[in-house]
Each structure stands twice: as C-alpha cells, then as structure tokens.
Colleague: 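Shown below is the structure under consideration.
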Amino acid sequence: MAKLNFPSDFVWGTATASYQIEGAYQEDGRGLSIWDTFSHTPGKVVNNDNGDVACDSYHRYEEDVALLKKLGVKAYRFSIAWPRIFPQGTGEVNEKGLDYYRRVVDALLAAGIEPAVTLYHWDLPQALQDKGGWANRDSIDAFVKYAEVIFKEFNGKIKQWITFNETWCVSFLSNYIGAHAPGNKDLQLAVTVAHNCMVAHGEAVKKFRALGIEGQIGTTHNLYWYEPLTTKPEDVEAARRSRAYYNEWFMEPTLKGTYPQFMVDWYRSKGAEVPIQDGDMETISQPIDFIGVNFYSGGYTRYKKDEGLFDSEDVQVGFDKTFMDWNVYPDGLYKVLSWVKDEYGDIPIYITENGACYEDELAEGNRVHDALRADYYKKHFIQLHRLIESGVQLKGYFAWSLLDNFEWAEGYKKRFGIVYTNYETLERHPKDSYYFIQKVIADDGLEV
Ligand SMILES: OC[C@H]1NNC[C@@H](O)[C@@H]1O
C-alpha cells in the first residue's frame with residue numbers, strides 16, 4: 001500500500017444547491033422560481049416530485065452544518081435562492097430571505113467552515129421568466145442588482161464566489177433538450193440564453209471588482225471528456241463537436257473572450273446565431289480568480305450521419321455505469337483538467353462538483369453501505385492526486401452532494417448524497433462514503 005498525500009492547503013468540501021435541499025418554498029416571502037412552476041407541472045419530474053419540502057434545510061441547516069463539521073471539510077458550497085432575496089426578481093429586497101442566509105453563513109463560520117456561494121444554481125424568479133427569462137437581456141441587469149445585494153451583505157464573510165452553475169444546463173439542457181426548467185426546445189433560444197448568462201457572469205465580476213469585495217470570484221462549467229472511437233477523421237471531428245458542445249463553447253468565451261469558430265459555423269448551419277453586442281466578449285472574459293469544474297463522466301463518440309445535433313453518437317464500450325446510466329470514467333477527469341491547463345494555462349481550478357448516484361438502502365443501525373459510491377470517490381481522488389503531481393493548479397474539491405436531494409427532473413429516487421436523506425422523517429444518516437471521505441480529509445490523503 002502507498003499513501004497519496006494531498007497538499008495541507010487543499011480545500012476539501014461538499015456541495016448542494018438551494019432548490020434541491022431547502023424546501024420552505026413559500027416561506028418568509030420567497031417568490032416562485034421556474035423550478036416551482038416546472039416541478040408543479042404534471043409529467044415534468046419523475047413521480048411528479050417537487051422541491052416544496054426537499055431536505056427541509058431551510059429549517060434543518062444547523063443539522064447540515066453539524067454534519068459538515070463532523071466530516072472535517074474546510075468549505076461548503078451552497079447556492080442562494082434569488083427568489084428569496086427578490087421574490088419578483090427585482091424591486092424590494094426580502095429581508096427575511098436574507099436573514100436565512102445570514103444564519104447559514106454565521107453557523108458555517110462558527111463551525112470553522114468557509115462558505116463558497118453560488119449566486120445562480122437554476123432557480124430563476126418566475127416573474128423574470130414571465131418577461132422572457134435569460135433570453136431577455138434585461139435579466140442581466142436584474143442578476144447584477146441581485147448579486148450586488150449579496151456581495152455587499154456578505155462582504156468579508158463569504159470569500160469564494162461562483163456566479164453561475166453549469167451554464168450549459170441553464171441554456172442547452174433547459175432550452176434545447178428541454179429536460180429542465182423552463183423546458184423549451186429551440187436551438188436559437190439555447191444559444192441566446194448561453195450568451196446572455198455569460199454576459200451576466202461578466203457583468204457580475206465587473207460589479208464585484210468595482211465594489212472592492214473581498215475574496216475570489218469565478219464561475220462553474222460542467223465539462224465532459226469525449227474521445228473519438230477510432231482515428232477516422234469523421235470520428236475525430238464528431239468527438240471534437242461533442243466535447244465543444246459542453247466544454248469549449250463555455251470555457252473559450254469565459255477565459256479567452258472568443259467563441260470556437262468551428263462551432264459558431266456548425267450552429268449557423270443549424271440556423272442559430274450568437275447575439276453578440278458590442279463589448280459582450282470583453283465583458284464575458286473579465287479576469288476571474290479561479291474556474292469551477294463539475295465533472296461526472298465522459299465516453300467515446302463516433303460519426304453517425306444526421307444523428308442528433310452533431311452527426312454523432314455515443315458508443316457503449318464497457319464502462320461501469322452509475323444509477324444515472326453515466327459512465328464511470330475517472331481517467332476522463334485527469335484528461336479534461338489536463339486539457340484545461342493545456343488550453344487555458346495555469347488558472348486555479350476547483351472541482352466544484354463530482355460524485356455518483358447509486359441505489360441506496362437504509363440498513364441496520366441506519367447505516368448505508370454504499371461501497372460503489374465510496375469506490376467512485378476513491379478512483380477520482382487518485383486522479384486528483386495525479387493532476388496535482390502533474391502541475392495542474394487544482395486547489396480544491398467539492399463532493400456532490402452532502403445530502404441526497406431533489407435531483408431535478410429525476411426527482412428523489414436518484415440519490416447522490418454521502419448522507420442519506422430519509423424523506424419521510426427528514427432525518428440525515430451518514431453513509432459509508434461519508435466516513436471514507438472523512439478519513440481522507442483527516443489523513444490528508446488516502447492509501448492505495
Ligand atoms: O446531476 C448531479 C448534479 N449535477 N450538477 C448540478 C447539480 O444540481 C446536480 O444535482
């Protein structure tokens with residue numbers, strides 16, 4: 001056995017998001033979000049599950065903080081619900097909404113845990129969606145006004161700021177594929193939403209700098225690693241498009257201020273144009289202090305004429321699968337972050353999400369023997385160490401997720417937590433994977 005040691009300043013954390021854990025969807029003046037509308041629309045979410053109660057973290061956040069403290073994490077990534085702060089998206093601040101996050105932030109700091117806050121993790125105020133949502137550039141200004149309130153309120157307490165979570169999900173998953181709120185299926189709309197969200201990110205960074213807010217600011221993109229099944233040029237090009245769909249389309253504007261031309265041409269051939277206005281690309285590529293990467297999976301792609309958006313298909317090559325039917329591909333994590341370093345230089349990287357969904361059973365003594373999840377984490381932690389050894393500026397890692405929670409259109413059946421949530425009693429029960437991670441954190445490394 002050998003011990004893989006991590007730097008003593010490596011930031012271990014876990015992550016959650018407001019709509020997925022808070023519940024209390026009508027409490028203390030919270031306004032409706034697009035996810036309340038979507039989940040309350042029959043047929044949109046498995047089992048017609050919704051976030052009305054979720055893990056009830058709105059009332060049980062102290063239990064969550066106690067679990068974090070016992071786990072030994074240095075940081076906790078969570079998101080702020082815009083509709084709690086501005087129930088109508090703009091206008092009057094809802095003080096009771098701010099109060100909840102004051103309590104959460106103070107409880108974390110009292111426990112010696114750094115809050116890492118995502119400003120937008122998909123719960124757009126419905127009132128803004130009623131005016132076009134992210135397709136309407138007015139939402140950019142509304143987002144900056146919301147961000148300004150949070151920046152000023154928590155300046156000096158929150159020191160790690162993430163503007164958006166997974167802009168690909170906000171744009172393509174939600175407006176082209178249509179699987180997430182608001183559920184549109186229009187390529188031009190998706191391209192417009194992606195652009196406006198990235199402009200909103202940049203404008204928020206400009207506001208953060210102008211206000212002189214303490215700490216570091218970045219954004220989070222979900223990256224996948226697809227490789228061509230063969231070296232045939234058509235397979236190579238198909239895999240290039242599949243990767244760029246998730247990766248370059250977002251990373252290049254954010255870090256280089258340009259869109260990948262081969263993809264601009266591809267979308268143009270499908271009838272979609274990027275609605276760039278003067279100054280947008282400079283705004284989007286405002287210098288940031290780190291890039292957040294969410295990594296779950298990847299795979300192999302080959303060319304298939306007229307298949308999908310990119311004349312490509314994913315190929316099953318024998319990967320183990322999680323309960324989301326995602327390939328378990330730890331090497332893909334090494335490859336994608338090595339690609340980030342090669343393409344974008346030594347920008348500090350935090351893995352802001354990584355984890356696995358498996359079917360969990362509550363066993364004797366409220367234990368959950370989630371060996372597959374613990375093994376998933378072990379395999380990915382080995383890649384973290386490999387990346388650090390290779391010189392990638394990997395500064396931290398947030399396991400998704402602290403708790404089993406509302407897994408969007410998949411509802412509550414799909415469990416990602418290292419802590420089991422009993423949805424009848426709302427009790428929390430640490431799983432074996434929680435104790436595995438607890439030991440890695442305590443030992444600053446793992447035995448392999
Ligand atoms: O699908 C698992 C996670 N992926 N990234 C965004 C989170 O909100 C999801 O629960």
Side-chain angles (χ1 to χ4, degrees), residues 13-23 33-36 38-39 44-46 49-51 54-55 57 64 76-82 116-124 162-174 177 179-182 194 197 218-225 245-247 250 291-299 321-329 332-333 336 350-360 370 372-373 376-377 380 397-421 423 433:
T14 66
T16 62
S18 45
Y19 188 78
Q20 295 181 269
I21 67 165
E22 288 179 0
S33 75
I34 57 176
W35 267 95
D36 296 292
F38 195 73
S39 66
K44 296 296 185 185
V45 177
V46 169
D49 286 344
N50 59 53
C55 307
S57 287
D64 299 344
Y76 173 51
R77 176 182 177 232
F78 63 98
S79 75
I80 289 179
W82 187 345
V117 164
T118 308
L119 290 167
Y120 187 71
H121 199 128
W122 307 356
D123 38 6
L124 182 73
I162 297 161
T163 54
F164 276 75
N165 182 71
E166 299 182 351
T167 309
W168 177 85
C169 291
V170 180
S171 50
F172 287 87
L173 183 59
S174 304
I177 297 168
H180 278 198
C197 285
T219 194
T220 280
H221 291 309
N222 49 308
L223 306 184
Y224 292 78
W225 189 256
Y245 175 48
Y246 298 106
N247 301 356
F250 299 94
I291 190 76
V293 173
N294 291 355
F295 177 84
Y296 287 93
S297 189
K321 300 274 193 178
T322 70
F323 192 44
M324 291 290 275
D325 199 32
W326 296 350
N327 294 332
V328 178
Y329 189 13
L333 174 57
V336 78
Y350 287 83
I351 293 175
T352 37
E353 285 180 31
N354 173 248
C357 171
Y358 290 105
E359 290 188 279
D360 295 323
D370 59 337
L372 286 173
R373 186 178 287 105
Y376 178 98
Y377 278 116
H380 287 78
Y397 173 96
F398 293 82
W400 183 273
S401 178
L402 171 67
L403 303 173
D404 294 331
N405 57 52
F406 178 75
E407 179 52 31
W408 307 111
E410 299 290 339
Y412 291 105
K413 246 179 94 58
K414 296 288 173 40
R415 293 174 178 269
F416 275 86
I418 59 173
V419 173
Y420 184 93
T421 305
Y423 293 109
S433 56

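In listed order, ligands and their atoms are each counted from 1.
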Colleague: Please work out whether the ring planes of Tyr376 and His380 are parallel, tilted or perpendicular, with thresholds of 30° and 60°.
Modeller: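 Correct class here is parallel.
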Colleague: When only distance counts, is Trp326 in polar contact with ligand 1, meaning an N/O pair under 3.5 Å?
Modeller: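 In this structure, Trp326 places no N or O atom under 3.5 Å from an N or O of ligand 1.
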Colleague: Going by heavy atoms, is Lys414 under 4.0 Å from ligand 1?
Modeller: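 No.
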Colleague: Side chain or backbone, does Asn165 bring an N or O within less than 3.5 Å of an N or O on ligand 1?
Modeller: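 Among all N and O atoms of Asn165, none is under 3.5 Å from an N or O of ligand 1.
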Colleague: Could you tell me if any non-hydrogen atom of Phe406 lies under 4.0 Å from any atom of ligand 1?
Modeller: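 Judged by the 4.0 Å heavy-atom criterion, Phe406 does not count as contacting ligand 1.
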Colleague: Which word best sums up how the rings of Trp408 and Trp122 line up, parallel for under 30°, tilted for 30 to 60°, or perpendicular for over 60°?
Modeller: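 Answer is tilted, since the angle falls between 30° and 60°.
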Colleague: For Glu166, counting its heavy atoms only, list the atoms of ligand 1 lying under 4.0 Å from any of them.
Modeller: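 In order of numbering, the contacting atoms are 4 (N), 5 (N), 6 (C).
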Colleague: Under 4.0 Å from a heavy atom of Gln20: which atoms of ligand 1 are those, numbered in the order shown and with their elements?
Modeller: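 Near Gln20, meaning under 4.0 Å from one of its heavy atoms, ligand 1 has 7 (C), 8 (O), 10 (O).
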Colleague: Which of parallel (below 30°), tilted (30 to 60°) and perpendicular (above 60°) describes Tyr377 and Tyr397?
Modeller: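 The arrangement is perpendicular - the two ring planes meet at more than 60°.
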Colleague: Quick one: are the ring centres of Tyr412 and Phe406 less than 6.0 Å apart?
Modeller: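 Judged by ring-centre distance (under 6.0 Å), Tyr412 and Phe406 do meet the cut-off.
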Colleague: Looking only at protein heavy atoms, identify the closest one to atom 5 (N) of ligand 1 and say how far it is in Å.
Modeller: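 Checked against all protein heavy atoms, atom 5 (N) of ligand 1 sits closest to Glu353 OE1, 2.5 Å.
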Colleague: Suppose we measure from atom 10 (O) of ligand 1 to each protein heavy atom; which comes out shortest, and what is that distance?
Modeller: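 Scanning the protein heavy atoms, the shortest distance from atom 10 (O) of ligand 1 goes to Glu407 OE1, 2.7 Å.
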Colleague: Taking atom OG1 of Thr421 and atom CG of Leu403, what is their separation to the nearest 0.5 Å?
Modeller: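 If I round to the nearest 0.5 Å, the distance is 4.5 Å.
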Colleague: Do Lys321 and Val328 make a side-chain contact, defined as non-hydrogen atoms from C-beta onward lying under 4.5 Å apart?
Modeller: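 Answer no - side chains too far apart.
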Colleague: Does an N or O anywhere in Trp408 fall below 3.5 Å from an N or O of ligand 1?
Modeller: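 There is such a contact, yes.
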Colleague: Flag His121 as yes when one of its N or O atoms lies below 3.5 Å from any N or O atom of ligand 1, and as no otherwise.
Modeller: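 Checking ligand 1 against His121, an N or O pair does fall under 3.5 Å apart.
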Colleague: If the threshold is 4.0 Å, N to carboxylate O, is there a salt bridge linking Asp360 and Arg373?
Modeller: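 Counted as a salt bridge, because a side-chain N and a carboxylate O are separated by less than 4.0 Å.
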Colleague: Under 4.0 Å from a heavy atom of Phe416: which atoms of ligand 1 are those, numbered in the order shown and with their elements?
Modeller: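 Answer for ligand 1: 1 (O), 2 (C).
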Colleague: Using modelled atom types and a 3.5 Å cut-off, is there a donor and acceptor pairing between side-chain atoms of Asp404 and backbone atoms of Gly417?
Modeller: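 Present.
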